[in-house]
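Here the structure comes first, spelled out in structure tokens, and everything after it is commentary.
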Protein chains: 2
Amino acid sequence: MAGRPREFDRDQALEKAMLAFWARGYEGTSMANLVDALGIASARIYAAFGSKEALFREAVALYESGQGGFAERAMQQEGTVRVAIERVFTDAIETYTQADHPQGCLVVSAAASGALESDQVIAWLASHRRQRTQSIIDLLAAAKQRGELKPETDVAALGDFYAALLHGVSVQARDGIGAERLRAMLVPAMTALDAALATSDPAAGSASTSKE
Amino acid sequence: MAGRPREFDRDQALEKAMLAFWARGYEGTSMANLVDALGIASARIYAAFGSKEALFREAVALYESGQGGFAERAMQQEGTVRVAIERVFTDAIETYTQADHPQGCLVVSAAASGALESDQVIAWLASHRRQRTQSIIDLLAAAKQRGELKPETDVAALGDFYAALLHGVSVQARDGIGAERLRAMLVPAMTALDAALATSDPAAGSASTSKE
DNA sequence: CCAATTGTTTGTCGATCGACAAAGAATAGG
DNA sequence: CCTATTCTTTGTCGATCGACAAACAATTGG
């Protein structure tokens, strides 16, 4: 394959774009913003990524394979549902409040409103969030099948509950609620799962209040 | 007071603007959109409301005095915290999923991202959401003072928990999760409060699954 | 009836939006 | 070295952004 070699690192540029979208959302990030953030002319961005929308989709994919993938990773680990769900939220809080990148979740923050042109982007983001809800429900359903949860447990309701809470945590984090407060919030949040555990072990585990 | 009388109803125009902002957010709603929605020329909008931002702030005030004020109203009613909190959420779900206006909460949806110009609008919306969190904490603190909640209850954590859940419900509603699913979610959601109730009454109340 | 006041109409302003076209520069294969 | 291919540079396109200015119309107080 011939041709002049690219002078900038495509992966680095993509990560910068991801951070820009994370901070300002899809529509809130203009091409001029991206030119500033990536440090390259707009024509080079189009040559490398196709369009603003294509760049955004790649940025979301990068986010979900990195910082945004905490939920998937936590749920695929071995262990009880109790540990898994609590891990999802402690990781969420850590990710959503870290200072070296924007607060909250890219997929939650970037959506919100929908202008005429970007309706499909909004819908695409919504489907991502719905997928995350489904993943949580699947986790709980598997736990129920294993006998970890009471047979009468409504895993769909419980999953919807934790998905809603997760999305709400993103909003709270972006509004400046700190990690300590969000972590304290986990104590009441886990009572819902504890009530559904098959083991009658009272207060099987309490939300970690460690480190710091 | 002399002068030519206004030919359009200012209140009706404001409501139409509120619905437009609710559907598309602040930045997502252009002046052209408002011209279409209100049915009057842009110069008349500026004459009547001052600017797009001033119109938006009036629209939010209208929202909070109407559909968006359910939480304040529910919390100011007489009754137990249990009833009040459950009422906040049943009203939220009803409001957020009604078909005669956009889904979700205007204050949650309109924010999300923040462009350069509208940073102050974003911050203003964030302060509104933080205020809502505080209101819930205040409600719980008063209930604790009345002896409704166990003395050791962390009302801040519990309030943060329900505020996060409330904001998450707005996201879920906007993503198309229906009222039935959201209402089912209330059952696990209320276990957190039940665990903090001073009365050892087991399952003092279950989430209403009535009407429809 | 007149002047002051206020709403309405029409047109447009500069800035910014996302998106390329065209031309020059750098590489690989032949 | 030459050609095909790819990237970079520069400039700009039409559309849309929020926001008025100026001229005209309608009303009230004097």
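Within every chain, numbering begins at 1; the chains are lettered A, B, ... in the order of the sequence lines, protein sequences first and strands thereafter.
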>> Tell me if the centroids of the rings in A:F70 and A:Y96 come within less than 6.0 Å of each other.
In response: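 Yes, the ring of A:F70 comes within the 6.0 Å limit of the ring of A:Y96, centre to centre.
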>> Under 6.0 Å between ring centres: does that hold for B:F89 and B:Y162?
In response: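 B:F89 vs B:Y162: aromatic centres under 6.0 Å.
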Distance in angstrom units between [X] [atom1] and [N] [atom2], rounded:
| X | N | atom1 | atom2 | value |
| --- | --- | --- | --- | --- |
| B:K52 | D:dT16 | NZ | P | 15 Å |
| B:M31 | C:dC17 | CE | C1' | 17 Å |
| A:F21 | C:dG18 | CZ | C1' | 12 Å |
| B:L38 | C:dT8 | CG | P | 12 Å |
| A:R24 | C:dG18 | CZ | P | 12 Å |
| B:D36 | D:dC17 | CG | P | 10 Å |
| B:E7 | C:dG7 | CD | P | 11 Å |
| B:I45 | D:dC20 | CD1 | P | 14 Å |

Given [options], the nucleotide with the shortest approach to the side chain of [X]:
| X | options | result |
| --- | --- | --- |
| A:R4 | D:dG18, D:dT5, D:dT8 | D:dT8 |
| B:A41 | D:dT8, C:dT10, C:dA19 | C:dT10 |
| B:A47 | C:dT8, D:dA26, C:dA28 | C:dT8 |
| B:S30 | D:dG18, C:dA25, D:dC20 | D:dG18 |
| A:R44 | D:dT9, D:dA19, C:dT9 | D:dT9 |
| A:A43 | C:dA21, D:dC20, C:dG18 | C:dA21 |
| B:S42 | D:dT8, C:dT8, C:dG11 | C:dG11 |

> 5'-most contact on DNA chain C: B:F8 or A:G50, nearest heavy atom basis?
Replying inline: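 Its nucleotide being nearer the 5' end, the pick is B:F8.
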> How about B:Q172 and A:H167: does a side-chain donor come under 3.5 Å of a side-chain acceptor?
Replying inline: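 Yes, side-chain donor-acceptor contact under 3.5 Å.
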>> Please determine whether a side-chain nitrogen of the Lys or Arg among A:R129 and B:D175 lies less than 4.0 Å from a carboxylate oxygen of the Asp or Glu.
In response: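 A salt bridge is present here (some side-chain N lies under 4.0 Å from a carboxylate O).
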> Within the structure shown, what part of the strands sits under 4.0 Å from A:A32 by heavy-atom distance: base, sugar-phosphate, or nothing?
Replying inline: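 Sugar-phosphate, no base atom in range.
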> When we call it a touch if two heavy atoms are under 4.0 Å apart, what does B:R6 touch: a base, just sugar-phosphate, or nothing?
Replying inline: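 Counting heavy atoms under 4.0 Å across all strands, the contact made by B:R6 is with sugar-phosphate only.
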>> Within this structure, what is the CE-CE distance for the pair B:M190 and B:M185, rounded to the nearest 0.5 Å?
In response: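 So the gap between those two atoms works out to 10.0 Å.
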> Should B:Y46 be listed as having a side-chain N or O under 4.0 Å from OP1 or OP2 of D:dA19?
Replying inline: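 It does, given that an N or O in the side chain of B:Y46 lies less than 4.0 Å from OP1 or OP2 of D:dA19.
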